[in-house]
Amino acid sequence: NKGGNICLDNESGEVCLTNLLSGTMVFLYDSQGELREKHQFTLPLLTITISKQGTYVLVMSHPNCQPEVRRIIYTGI
């Protein structure tokens with residue numbers, strides 16, 4: 001999953017994920033560590049909409065790879 005792409009549209013709060021391995025589990029946690037979203041990636045892309053501004057942690061986990069962790073800061077600007 002190292003080749004995965006994550007892009008955030010800071011106006012709409014949409015997080016778009018591409019180039020992940022099919023079957024990758026994607027978890028979105030808020031700054032309090034609460035699980036907000038849980039999805040299984042299917043080709044070609046996954047879109048998650050963040051409803052509130054703040055800092056989030058995105059965890060991507062696949063059985064054949066090390067987990068990948070990314071921080072997302074949604075400012076709404």
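Atoms considered below: every heavy atom in the structure, side chains included; atoms not considered: hydrogens, waters and symmetry mates.
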- Note on the structure: Residues joined to Phe27 in its hydrophobic cluster, side chain to side chain under 4.5 Å directly or through other members, sorted by chain and number, are Met25, Tyr29, Leu35, Val57, Val59, Val69
- Query: With sequence neighbours left out, what residues match Gln53 under side-chain hydrogen bond (donor to acceptor under 3.5 Å, both in side chains)?
  - Reply: none
- Task: Name all residues meeting the side-chain hydrogen bond (donor to acceptor under 3.5 Å, both in side chains) criterion together with Thr75; count only those two or more places apart in sequence or in a different chain, and write none if there are none.
- Result: Asn10
- Considering all heavy atoms of both residues, which atom of Ile6 and which atom of Met60 are nearest to each other, and what is their separation? CD1-CE, 3.7 Å
- Which distance, rounded to the nearest 0.5 Å, do you find between the CG of Leu46 and the SG of Cys16? 8.0 Å
- Query: Once you round to the nearest 0.5 Å, how far does CD1 of Ile48 lie from NZ of Lys38?
  - Reply: 13.0 Å
- Which heavy atom of Leu17 sits nearest a heavy atom of Phe41, and at what distance? O-CE1, 3.4 Å
- Taken in chain and number order and not counting sequence neighbours, the residues that satisfy side-chain contact (heavy atoms from CB on, under 4.5 Å) with Ser31 are none
- Determine the minimum heavy-atom distance between Leu43 and Leu20, stating which atoms define it. CD2-O, 3.9 Å
- Message: Return the CD to OG1 distance between Gln40 and Thr24, rounded to the nearest 0.5 Å.
- Response: 8.5 Å
- Message: Taking salt bridge (Lys or Arg N to Asp or Glu O under 4.0 Å) as the cut-off, I'd like each qualifying pair that reaches into residues 19-34, sequence neighbours left out, listed once.
- Response: Asp30-Arg36
- Could you walk me through whether Ile73 and Leu8 pass the side-chain contact (heavy atoms from CB on, under 4.5 Å) test, one step at a time? CA-CA 9 Å; Ile73 300 172; Leu8 169 65; over 6 Å; no
- Query: Can you name the nearest heavy-atom pair linking Thr49 to Ser12, along with the distance?
  - Reply: CG2-O, 4.1 Å
- Which residue pairs pass the salt bridge (Lys or Arg N to Asp or Glu O under 4.0 Å) test with at least one member in residues 4-19, sequence neighbours excluded? none
- Does the side chain of Val15 reach to within under 4.5 Å of the side chain of Ile72, using non-hydrogen atoms? yes
- Note on the structure: The reported gap from OG in Ser61 to CD in Gln66 (rounded to nearest 0.5 angstrom) is 10.0 Å
- Indicate the atoms forming the closest heavy-atom contact of Cys65 with Leu21, along with that distance. SG-CD1, 3.4 Å
